[in-house]
Amino acid sequence: MASSSSSKKALSLVFYITLFCFLSGSVSASRTSPSDVNSKVKLGLYYESLCPYSANFIINYLVKIFEDVDLLSIVDLHLSPWGNAKIRANNSTFDCQHGPSECLLNTVEACAIDSWPELNKHFPFIYCIESLVYEHKYSQWETCFDKLELDPKPIVDCYTSGYGTQLELKYAAETNSLVPPHQYVPWVVVDGQPLYEDYENFISYICKAYKGNVVPKACSNLSLITNHYGVEQKPVFPAGYNKEITTLPTRIKSAITMWIHKMSMVASL
């Protein structure tokens with residue numbers, strides 16, 4: 001039993017390190033991509049940290065854009081950790097849908113985005129936390145610092161100083177000003193247009209919205225959606241939360257293989 005637990009921990013550590021390294025390479029590559037920066041597609045994710053559907057989307061769907069360097073290079077990703085939280089009458093404090101722990105983690109993730117604005121630093125950290133949420137182990141969120149070899153001080157200082165609260169109020173204003181208003185979380189928006197219940201198909205919308213000259217292979221191989229933007233439908237939430245994370249070993253292998261291939265290409269230059 002102990003051996004199985006150790007193996008699982010080792011596997012998780014390999015994944016986080018691989019994701020961190022792969023993101024570092026991906027972001028670097030995207031900066032030198034021939035894609036026109038002005039043609040990047042804006043992808044917005046409005047979510048809350050302890051929502052099981054948000055966690056499911058982040059670790060099983062959103063992560064896919066990081067597995068394709070070309071696809072990542074055409075996306076301008078914006079994360080907004082507020083969701084369905086409500087500001088109190090004093091306008092300086094708030095309540096979260098899933099209680100105080102969610103307020104804590106929303107603020108921690110907001111602090112991470114602010115402290116480490118580079119995508120290759122804050123996304124692995126948020127991914128790590130949301131993986132623990134998915135596994136009902138979110139109380140262990142501080143282990144993500146060790147897993148990713150990150151200094152906790154910027155996050156601790158941000159949270160304890162009250163600056164994290166200011167960041168959250170900024171995300172509150174941002175979320176509350178969405179047009180049309182968000183109805184549930186995760187609320188996924190592509191170039192200002194909400195995807196409603198079709199948010200799992202977000203890559204198709206990115207490809208459809210992209211106007212640049214260099215089309216990522218992921219887009220050319222994709223059967224594009226025919227739904228029209230702005231058609232309001234009732235939300236249909238993913239059932240994936242109650243399933244085991246069967247795609248994790250495959251994703252680890254895929255990320256490692258792609259990372260090794262990328263490093264080989266760099267070495268051959």
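Note that the coordinates shown come from a computational prediction; the quantities given were computed from them, not determined experimentally.
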Item to complete: Compare every heavy atom of T107 with every heavy atom of C103, then report the nearest pair and how far apart it is.
Response: O-OG1, 2.7 Å
Fill in: Distance (rounded to the nearest 0.5 Å) between I126 CD1 and I59 CD1
14.0 Å
Worksheet item: Going by heavy atoms in the side chains, are C111 and P154 under 4.5 Å from each other?
Response: no
Item to complete: Of all the heavy-atom pairs spanning K211 and K208, show the shortest one and how long it is.
Response: NZ-O, 3.8 Å
Worksheet item: Is a side-chain donor or acceptor of E102 paired with a backbone partner of L50 at a separation under 3.5 angstrom?
Response: yes
Worksheet entry | Value rounded to 0.5 Å, distance of OG in S73 from CD1 in I65 | 10.5 Å
Practice prompt. Could you check whether the rings of F94 and W82 sit parallel, tilted or perpendicular, using 30° and 60° as the cut-offs?
Written response: perpendicular
Discussion item. When you compare the side chain of E130 with that of S49, does any pair of heavy atoms fall below 4.5 Å?
Written reply: yes
Fill in: Transitive ILVMFWY side-chain link L167 to L105, under 4.5 Å
no
Worksheet item: Does L77 share a hydrophobic cluster with I58, counting links as ILVMFWY side-chain heavy atoms below 4.5 Å and allowing steps through other members?
Response: yes
Discussion item. Are L43 and V189 packed together at the side-chain level, in the sense that at least one heavy-atom pair is separated by less than 4.5 angstrom?
Written reply: no
Practice prompt. Side-chain contact test, heavy atoms from C-beta onward, threshold under 4.5 Å: evaluate it for L45 versus F202 and give yes or no.
Written response: no
Fill in: Heavy-atom side-chain contact between H98 and Y138 under 4.5 Å
no
Discussion item. Rounded at 0.5 Å granularity, tell me how far CZ in F145 sits from CG in D151.
Written reply: 8.5 Å
Worksheet item: Where do F57 and V185 land on the side-chain contact (heavy atoms from CB on, under 4.5 Å) test, with the steps shown first?
Response: CA-CA 10 Å; F57 178 74; V185 290; over 6 Å; no
Worksheet entry | side-chain contact (heavy atoms from CB on, under 4.5 Å) assessment of C51 paired with N84 | CA-CA 10 Å; C51 168; N84 296 323; over 6 Å; no
Discussion item. In terms of relative ring orientation, are Y171 and H78 parallel, tilted or perpendicular, with 30° and 60° separating the classes?
Written reply: tilted
Worksheet item: Considering only heavy atoms from C-beta outward, does the side chain of V108 approach that of I129 to under 4.5 Å?
Response: yes
Fill in: Main-chain N/O of L178 paired with H182 side-chain donor or acceptor, under 3.5 Å
no
Worksheet item: Does Y61 belong to the same Ile/Leu/Val/Met/Phe/Trp/Tyr cluster as I74, with side-chain heavy atoms less than 4.5 Å apart forming each link?
Response: yes
Discussion item. Quick check for you: to the nearest 0.5 Å, what is the distance between K147 atom NZ and E142 atom CD?
Written reply: 12.5 Å
Worksheet item: Any idea which heavy atoms bring G212 and S39 closest together, and the distance?
Response: CA-OG, 3.7 Å
Worksheet entry | Donor-acceptor pair, side chain of Y210 and main chain of V214, under 3.5 angstrom | yes
Fill in: Closest non-hydrogen atom pair between Q140 and T143, with its separation
O-OG1, 2.7 Å
Worksheet item: Is the Y47 to Y53 ring centre distance short of 6.0 Å?
Response: no
Worksheet entry | Presence of salt bridge, K217 and D70, under 4.0 angstrom | no
Fill in: Atom pair CD (E200) and NZ (K64), whose distance is rounded to the nearest 0.5 Å
8.0 Å
Worksheet item: Sub-3.5 Å donor-acceptor pair from the side chain of T175 to the main-chain atoms of A172, do we have one?
Response: no
Discussion item. Determine whether the aromatic ring centres of residues W187 and Y199 are separated by less than 6.0 angstrom.
Written reply: no
Item to complete: Indicate whether any N or O donor in one side chain lies under 3.5 Å from an N or O acceptor in the other, for D191 and Y205.
Response: no
Worksheet item: Is a side-chain N or O of S115 found less than 3.5 angstrom from the main chain of A112, in a donor-acceptor match?
Response: no
Worksheet item: So F123 and Y127, would you call those rings parallel, tilted or perpendicular, with 30° and 60° as cut-offs?
Response: tilted
Worksheet item: What's the verdict on side-chain contact (heavy atoms from CB on, under 4.5 Å) for W116 and I155, showing C-alpha distance, side-chain angles and the deciding distance?
Response: CA-CA 9 Å; W116 305 312; I155 307 303; 3.6 Å; yes
Worksheet item: Just checking, any donor-acceptor pair under 3.5 angstrom between side chains of S204 and N201?
Response: yes
Practice prompt. Using a cut-off of 6.0 Å, state whether more than 12 heavy atoms not belonging to Y163 lie near its atom OH.
Written response: no
Discussion item. Can a side-chain donor-acceptor contact be found between S54 and E48 if the only test is distance below 3.5 angstrom?
Written reply: no
Item to complete: May I ask you to test the S161-D157 pair for a side-chain heavy-atom distance under 4.5 Å?
Response: no
Response to the item:
Shortest non-hydrogen pair, N91 vs L169, comes out as O-CD1, 4.0 Å
Worksheet entry | Side-chain touch I113/P81, heavy atoms, less than 4.5 angstrom | yes
Item to complete: Decide side-chain contact (heavy atoms from CB on, under 4.5 Å) for W141 and L104; before the verdict, give the C-alpha distance in whole Å, the side-chain angles of both, and the deciding distance to 0.1 Å.
Response: CA-CA 11 Å; W141 69 271; L104 165 66; 4.1 Å; yes
Discussion item. Donor-acceptor pair, distance only, cut-off 3.5 Å: does the side chain of N90 make one with the backbone of T93?
Written reply: yes
Worksheet item: Should D95 and K86 be marked as a salt bridge (Lys or Arg N to Asp or Glu O under 4.0 Å) after you check the CA-CA gap, both sets of side-chain angles, and the distance that decides it?
Response: CA-CA 5 Å; D95 296 306; K86 302 294 183 184; over 6 Å; no
Worksheet entry | Spacing of SG belonging to C128 relative to CG belonging to L150, to within rounding of 0.5 Å | 9.0 Å
Discussion item. Is it the case that the side chain of D68 and the backbone of L71 share a donor-acceptor pair, with hydrogens and angles ignored and the cut-off at 3.5 Å?
Written reply: yes
